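From a predicted model like this one, the values you see are computed outputs, not experimental measurements. By convention in this document, chain letters (A, B, ...) are assigned in the order of the sequence lines, proteins followed by strands, and residues within each chain are numbered from 1.
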Amino acid sequence: MESSGDKPASEPELEDYGTLKYQLLGPSLTKAGQDSVDQQKVSEIIYNASKGSKFFSHEQDRDRNLTLKIERILKEKARLERLDLSHELRRADEYLAELELSRDLSQHIIHVDCDAFFAAVEELDRPELKTVPMAVGKGVLTTCNYLARNFGVRSGMASFVAKKLCPQLVLLPQNYEKYTAKAKEIRAIMAEYDPLFESASIDEAYLNITAFCDENQMEPAEAVQRMRAQILETTKVSVSAGIAVNAKIAKISSNINKPNGQFQVPNERQAIMEFMRDLPVRKVNGVGRVFERELQSIGVATCGDIYPNRALLTKLFGEKAFQFLAQCYLGLGRTKIEPVENHERKSVSTETTFHEIGDKEELRAKLWWAAQELEKDLTRTQFKGRTLALKVKLHTFEVLTRQTAPSRPVCIAKDLYTFALPMLAKLEKDIPGMKLRLLGLRCSNLVSTQKVGINFFGVFTQPKPTPEPSSESTPTEKADHEIDAEEAFESAARQEIQDEMNDLETLSQETPNVPVVREPEEPAVPEKSTSETVEPPPMWDCPICSRPQIADDRIFNEHMDFCLSRQTIREVVQDNTEEPTPSIPANSRKRKTPQTSPPETDPKQKRLFFQ
DNA sequence: GCGGATCAC
DNA sequence: TATGGTGATCCGC
């Protein structure tokens, strides 16, 4: 969420707190300065609340590694400084000169950021919450109101830590639909100022108001003042805004007079350079806690400090980092603002955290669950993946990823599971006694499955179940999904276009399984399709009992359903309840309905089960 | 291309 | 007692 205030003077002294305690304060600290908060005290409380936990040990590890890395950076810096750097210096200056030529002062870009958005929306429904410290989010806080911030509570903070800082803190669950609806109201107003505005997240947007200002003979600050008033008036949500020559400076500026304020950096080179000169590098989007420490170690605290170090940056941090920092120093940034729909999606993923699991059956159930979730997301976004990645977080909080390139693009749960399982098995083999706290799947190298369908009247239709951006797919990609016109025509008689598309989808990718069967009498895809599968795995491991099963749909499904009910019975028995076990229909896996739930072993889910 | 790491929100 | 999920990018190999 957004951060608040801009008070370089109150930044904590690293030496006083130690790097670890600084790290534990969380990512939002330096972006959001806090007045009236005793940071030292807050730091102590967080430290003590975390001490001894696995999370803490992991943070300690990371901190140690970063400290070592910084030692290497300093050694390298010392080595470089004994050399002749005139070549590096000239190269840096040439690049700066080149950048300077590209400077464009003609645009008025604004960044709009809602103030404590989720909390603000909740306060609209329940005004009494305005007078108490309140936060939104379970486990980890998504955002909190300004009263809570006075206690040192922040977004991204574990809620039990927040409770230590502020025992009277009111915690609300997230209600995403509510926030989305409110965001839509706000966006409708922003569209009046720039119809091609760019949503950066649910509560942030960039607008290019150059044209609006020209057409209405208005100064940017005046236009923004008007827009903010209009948003507050009609949606009752206050927003802050930054006005500048580009997105980078606008973003920084929107934080300066937050909440309910705005700040402008004039479109003049001199003013921009002065603004950047004293700006802590951490304020720039893209500089996080790690890079901040690395830069600080070589004496770069503000963007102005970049210039005297320009000859060293490429060698120490790489070419990209140098170019990024050069642009920070000059105050350059993008002026191209465009709707997110124009952006090409690169990946689709899902992951969940759970209580520590070491049991292989349980892990397979989690993997199966993730596969089903990912299938849903891939269906919604209309993609298949050429690459599939498994992500796990060990009980120690260490994160590992393994990826594979299936023989063809995948999007069906069973395929996702089939290709992911060997990666999980290998990890289990390589890490004896592996215990996980998170498991996730990601598809990348995406292939669009958006197709032009033909309806009953022969009219082309563009199915769009969600406003998901229709990523521009290359002609080659589209060739992957040419539809069988005959089959399309037959399907056209059906009422629901979405069903039609799903069916076509299934056929087009030659998967031996029909993911969606609405009509009970609908026959399953004939067995022959199994043989059409590219590289059909001869055996599948059951996600529940992990025993290999013949790779035949009917046999596999029956076996899995049997295992599912058995698993349920066992849990019921273990839980010592006399509640009868609901039987799972044999074909339940073939219906894309909530009852497809996997053998859930989370305590929470078990409880739900018996309610 | 893969895996680790960082970053934003 | 207890520390999130999604997407993107960069680096070193």
(message) Can you work out whether A:Gly318 or A:Phe397 has the more 5'-proximal nearest nucleotide on DNA chain C?
(response) A:Phe397
(message) Nearest whole Å is fine: how far is B:dA5 P from A:Ile70 CD1?
(response) 15 Å
(request) Would you mind reading off the distance between A:Ile431 atom CD1 and B:dG3 atom P, rounded to a whole angstrom? (result) 13 Å
(request) Rounded to the nearest angstrom, tell me the gap between atom NE2 in A:His395 and atom P in C:dT3. (result) 13 Å
(request) Would you indicate what A:Ser50 reaches in the nucleic acid, counting non-hydrogen atoms under 4.0 angstrom: base, sugar-phosphate, or nothing? (result) base
(request) Indicate whether OP1 or OP2 belonging to C:dA8 is found under 4.0 Å from a side-chain N or O atom of A:Ser347. (result) yes
(message) Would you call the rings of A:Tyr176 and A:Phe118 parallel, tilted or perpendicular, taking 30° and 60° as the class edges?
(response) perpendicular
(request) Rounded to the nearest angstrom, tell me the gap between atom CG in A:Leu441 and atom C1' in C:dG7. (result) 15 Å
(request) By nearest nucleotide on DNA chain B, pick out whichever of A:Lys69 and A:His111 is the more 5' one. (result) A:Lys69
(request) Rounded off to whole Å, could you give me the NZ-to-C1' distance for the A:Lys393 and B:dA5 pair? (result) 13 Å
(message) By the 4.0 Å heavy-atom rule, please label A:Phe56 as base, sugar-phosphate, or nothing.
(response) nothing
(message) By the 4.0 Å heavy-atom rule, please label A:Lys251 as base, sugar-phosphate, or nothing.
(response) sugar-phosphate
(message) With a 6.0 Å cut-off on the ring centroids, do A:Phe324 and A:Phe317 count as close?
(response) no
(request) For A:Arg437 and for A:Ser349, find the nucleotide of DNA chain C with the closest heavy atom, then tell me which residue's nucleotide is more 5'. (result) A:Arg437
(message) A side-chain contact here means heavy atoms from C-beta on lying under 4.5 Å apart; do A:Glu351 and A:Arg442 qualify?
(response) no
(request) Mind checking A:Arg402 for me? I need base, sugar-phosphate or nothing, with any heavy atom below 4.0 Å counting as a touch. (result) sugar-phosphate
(message) Does A:Lys21 qualify as a cation-pi partner of A:Tyr47, given the criterion of NZ or CZ under 6.0 Å from the six-membered ring centre and within 45 degrees of its axis?
(response) yes
(message) If I take atom CZ in residue A:Phe354 and atom C1' in nucleotide C:dT1, what distance separates them, rounded to the nearest angstrom?
(response) 18 Å
(message) Measuring only the P atom in each nucleotide, how far is B:dA8 from C:dT3? A whole number of Å is fine.
(response) 24 Å
(request) Send over the distance from A:Asp203 CG to C:dT6 P, rounded to a whole Å. (result) 18 Å
(message) So, OP1 or OP2 of B:dA5: does either fall under 4.0 Å of a side-chain N or O from A:Asn65?
(response) no
(request) Whole angstrom is fine here: how far is it from CD in A:Glu292 over to C1' in B:dA5? (result) 17 Å
(message) With hydrogens left out and only the distance checked, is there a donor-acceptor pair under 3.5 Å joining A:Thr350's side chain and the base of C:dT6?
(response) no
(message) Using the side-chain contact (heavy atoms from CB on, under 4.5 Å) definition, which of the options A:Ile109, A:Val224, A:Leu207 pairs with A:Ile243?
(response) A:Val224
